[in-house]
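Chain identifiers are assigned alphabetically (A, B, ...) following the order of the sequence lines, protein sequences preceding nucleic acid strands; residue numbering begins at 1 within each chain. Side chains are part of it too, since the values below use all heavy atoms of this structure and drop only hydrogens, waters and symmetry mates.
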Number of protein chains: 2
Amino acid sequence: MKNISILLAGASALYLSTSAMANDHDPAALQAKALQDTIAWDITEGLTTEIGPRQAGTEAEARARDWAIAKLNALGFSNVRNEPYMMPTWVRGKETAAVTSPFPQPLTITALGNSASTGDRGLTAEVIYFPTIQDLIAAPDSSLTGKIAFVSHRMKPTQDGSSYGAFGSARFVGPNIAAKKGAAAIIIRSAGTDYHRNPHTGNTNFEAGVKPIPAGALSIPDAENLERMFERGQPVQLKLVLTPQNIGEQESGNVIAELPGSDPSLGMIVIACHLDSWDLGTGAIDDASGCGIITAAAKHIMTAGQPKRTIRLLWAGAEEVGIWGGKAYGEARKGDNHALAMESDFGADRIWRVEFNLPESAKPLADRIASALQPLGIGRGQLKAGGGADIQAIIKANNLAIIDLQQDGSRYFDLHHTPDDTLDKVDPEQLRQNVAAWTTVLAIIANDDGDLTMPLPE
Amino acid sequence: MKNISILLAGASALYLSTSAMANDHDPAALQAKALQDTIAWDITEGLTTEIGPRQAGTEAEARARDWAIAKLNALGFSNVRNEPYMMPTWVRGKETAAVTSPFPQPLTITALGNSASTGDRGLTAEVIYFPTIQDLIAAPDSSLTGKIAFVSHRMKPTQDGSSYGAFGSARFVGPNIAAKKGAAAIIIRSAGTDYHRNPHTGNTNFEAGVKPIPAGALSIPDAENLERMFERGQPVQLKLVLTPQNIGEQESGNVIAELPGSDPSLGMIVIACHLDSWDLGTGAIDDASGCGIITAAAKHIMTAGQPKRTIRLLWAGAEEVGIWGGKAYGEARKGDNHALAMESDFGADRIWRVEFNLPESAKPLADRIASALQPLGIGRGQLKAGGGADIQAIIKANNLAIIDLQQDGSRYFDLHHTPDDTLDKVDPEQLRQNVAAWTTVLAIIANDDGDLTMPLPE
């Protein structure tokens with residue numbers, strides 16, 4: 001009797017009781033269990049070994065979708081399916097570069113996504129050196145006519161990855177700027193922080209009306225070698241061969257799976273990663289590990305019993321080449337009842353910080369989550385959560401709440417978009433910490449029936 | 001008067017006096033000065049920037065010889081010259097590998113020196129996995145007919161580099177063994193210790209009468225990926241394209257320079273490095289830094305005044321591809337009056353150990369050298385000095401004394417024979433420690449007029 005009166009004492013106590021009956025989602029217990037996880041490794045190992053590189057729009061990405069569907073079904077998720085869409089597809093060709101004078105030698109280069117082709121015979125021209133992107137911006141219009149611009153903008157490692165935004169501009173906008181100034185081509189120092197002969201690819205974009213030019217990234221040792229040649233004061237000539245092609249609209253797709261909640265009236269939690277990878281590596285940290293982490297966490301919830309809220313997994317396609325999968329999801333699924341979005345797409349190193357973007361009323365929920373993550377060494381950040389690339393469209397369409405579990409990015413840009421993004425770079429212990437953090441967060445929010453409706457944006 | 005009587009008290013005192021008059025070769029003072037060295041860096045930076053890769057027998061090695069002659073003349077050495085010889089030359093072609101089933105994806109590969117060609121159309125065959133070289137040796141004769149052998153013999157880092165001898169066998173002898181068992185081709189896990197997508201090249205040799213087969217090295221992440229495919233128990237097929245060529249006898253050469261001693265009757269000290277490099281990197285640690293170290297040390301001696309013994313610098317050609325330069329030197333120069341040989345060819349990391357192979361009578365000399373090196377953190381090893389590859393022929397021809405200044409090899413095989421052998425891998429501080437150690441040793445032995453004649457070999 002006493003127990004019954006306590007159970008009926010209030011909504012909060014009732015909630016705890018209901019939850020305890022439906023499942024066994026004690027966050028601390030699930031966290032401990034998730035620290036023994038093997039599922040995230042299994043997925044990361046499987047995708048990188050059995051598929052390897054899986055560039056968006058190619059048959060390798062299609063094989064990866066088949067692999068993903070089989071894996072998610074085998075794990076017991078519901079409504080596993082491919083939601084296809086079409087997207088323009090660019091594929092790599094030959095890529096070589098060589099200084100022809102004054103110090104003839106080959107340089108290691110890779111084409112940037114959306115680079116134009118030099119044609120098979122290549123292009124030989126004088127190189128104009130710009131130490132930073134600002135120097136390129138400052139160059140007079142038409143001053144680069146017929147030349148190859150070389151921008152050696154340097155990026156340093158940061159734990160939060162913020163240097164990518166600050167110093168990746170040579171890749172993001174350098175080619176467009178150089179094209180507008182008449183350059184025949186552009187080569188940049190890779191937007192990366194390592195010293196290996198593995199250049200960092202990645203998309204670049206040309207404005208409408210600007211004719212794309214050949215655009216490549218040198219490995220950092222090569223960029224510094226070229227800088228040293230310029231220090232000697234003589235003109236430098238380079239032969240560049242990049243033969244990528246646009247192969248038109250190709251099919252890509254999002255792989256979606258669900259763990260249905262007991263209360264369909266509550267908005268679902270969408271958790272995302274991306275299935276496609278750049279072609280140079282096997283996409284271990286970008287982003288097989290992300291798919292491993294979110295899926296393992298959802299599976300630990302599933303094993304413990306049905307949560308209140310539906311958890312939807314989005315293994316997005318075509319992130320690297322323009323976030324086509326995320327955009328397609330936002331368009332196709334904006335009518336679904338979403339409450340909150342999360343994404344794992346920053347490698348597999350330990351989570352060090354949690355950030356929230358929740359309604360004011362959910363402050364106790366955020367406090368509870370932050371507190372539950374502390375045993376994993378995760379502190380609470382001061383920034384507002386922003387979410388990953390693949391969930392931007394649905395966040396915007398549905399004005400969603402967001403939680404960010406921020407991974408340590410100190411070595412992420414050593415590997416990002418390079419051939420070196422391979423399984424051996426994933427630390428199984430840090431991977432398990434990720435799974436434990438995700439499981440903890442899901443155990444709390446998927447069983448919370450509070451209102452997560454965000455205020456309308458200002 | 002008192003001073004004079006001391007000076008005349010014995011040969012030893014007289015020697016010190018004579019030495020002090022001829023030059024200013026106080027080892028401790030020269031060591032301190034050499035710790036501020038800039039010459040070794042200048043040479044390493046110059047060769048890697050202005051020449052870059054300089055494979056033996058190619059025009060790049062010829063440009064490197066011209067560069068070396070100009071540099072050694074500018075530094076004030078005497079009798080600077082090229083001593084040419086001819087050598088058979090093998091050059092790299094295309095190199096690609098891809099698993100065709102069951103998990104289609106590209107693998108990163110490089111051809112081993114002396115590999116045969118698959119032809120442009122390549123070769124597709126089943127792969128047979130051998131975890132170690134012993135497993136390959138144990139395979140029955142003809143069991144590999146038409147197959148590609150895959151030997152994934154693993155090497156771990158060691159400070160003294162001894163793992164290369166112990167575990168490099170998959171490269172040294174694996175292809176010959178596989179060819180004799182009928183294999184169509186062989187791929188090996190690189191003889192290296194890093195986890196980058198940069199395979200380690202290096203020579204392999206086929207016995208007379210054994211027809212060479214295509215032979216390539218996978219990067220270590222690729223070898224482990226392939227191992228994981230075999231763990232899944234299905235047959236693995238691979239397409240291999242390697243199109244190297246033998247281009248016949250080409251000219252190479254040794255660049256030689258001298259610092260003449262005051263007493264030509266004393267045997268000279270020959271100090272060696274090698275000028276050629278593999279084609280994949282810019283040959284910074286293998287072996288531009290070695291040339292930088294020995295040359296800087298000899299220059300510090302030169303600046304301090306004429307030594308008693310002649311110091312001869314040998315920047316050997318064609319070491320990587322068969323030690324042609326060292327052999328040519330041994331043959332051409334065996335009539336010269338040599339006393340002792342030393343070589344620097346194990347990177348640019350700090351010297352941690354000194355080893356001797358001197359006549360019994362020179363024990364006090366060895367003790368003095370070991371003692372003078374202690375301030376640099378260099379201990380005395382228990383092994384007998386053996387010398388580097390380029391001085392083996394002259395050591396054998398003239399039965400020479402040897403001193404080895406052993407470099408720390410802990411990370412050497414992360415870089416050895418890969419594209420990653422670039423200037424940024426050279427630590428200027430450790431490079432200066434090398435120069436200081438070499439300068440110390442030269443300051444002592446080049447001014448010692450004791451008999452260094454070795455006993456006849458047993």
A.B. asks: Name the member of B:Arg63, B:Arg54, B:His196 that forms the most heavy-atom pairs with chain A at distances under 4.5 Å.
C.D. replies: B:His196
A.B. asks: Where is the tightest heavy-atom contact between B:Asn225 and A:Thr282, given as atom of each residue plus distance?
C.D. replies: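 Taking every non-hydrogen atom into account, ND2-CG2, 4.1 Å.
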A.B. asks: Which atoms of B:Pro104 come close to chain A, meaning under 4.5 Å heavy atom to heavy atom: side chain ones, backbone ones, both, or neither?
C.D. replies: both
A.B. asks: So does B:Glu50 pair up with A:Arg232, basic N to acidic O under 4.0 Å?
C.D. replies: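 Counted as a salt bridge, because a side-chain N and a carboxylate O are separated by less than 4.0 Å.
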A.B. asks: Heavy-atom distances under 4.5 Å only: say whether A:Ile220 touches chain B with side chain, backbone, both or neither.
C.D. replies: neither
A.B. asks: Applying ring pair (Phe, Tyr, Trp, His ring centres under 6.0 Å), can you list everything that pairs with B:Tyr195, at least two apart in sequence or on another chain?
C.D. replies: none
A.B. asks: Any idea which heavy atoms bring B:Gln105 and A:Thr49 closest together, and the distance?
C.D. replies: NE2-O, 2.7 Å
A.B. asks: Is any residue of residues 412-429 of chain B within less than 4.5 Å of chain A by heavy atoms, and which ones?
C.D. replies: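 Only B:Pro419, B:Asp420, B:Thr422, B:Leu423, B:Asp424, B:Lys425 of residues 412-429 of chain B have a heavy atom under 4.5 Å from chain A.
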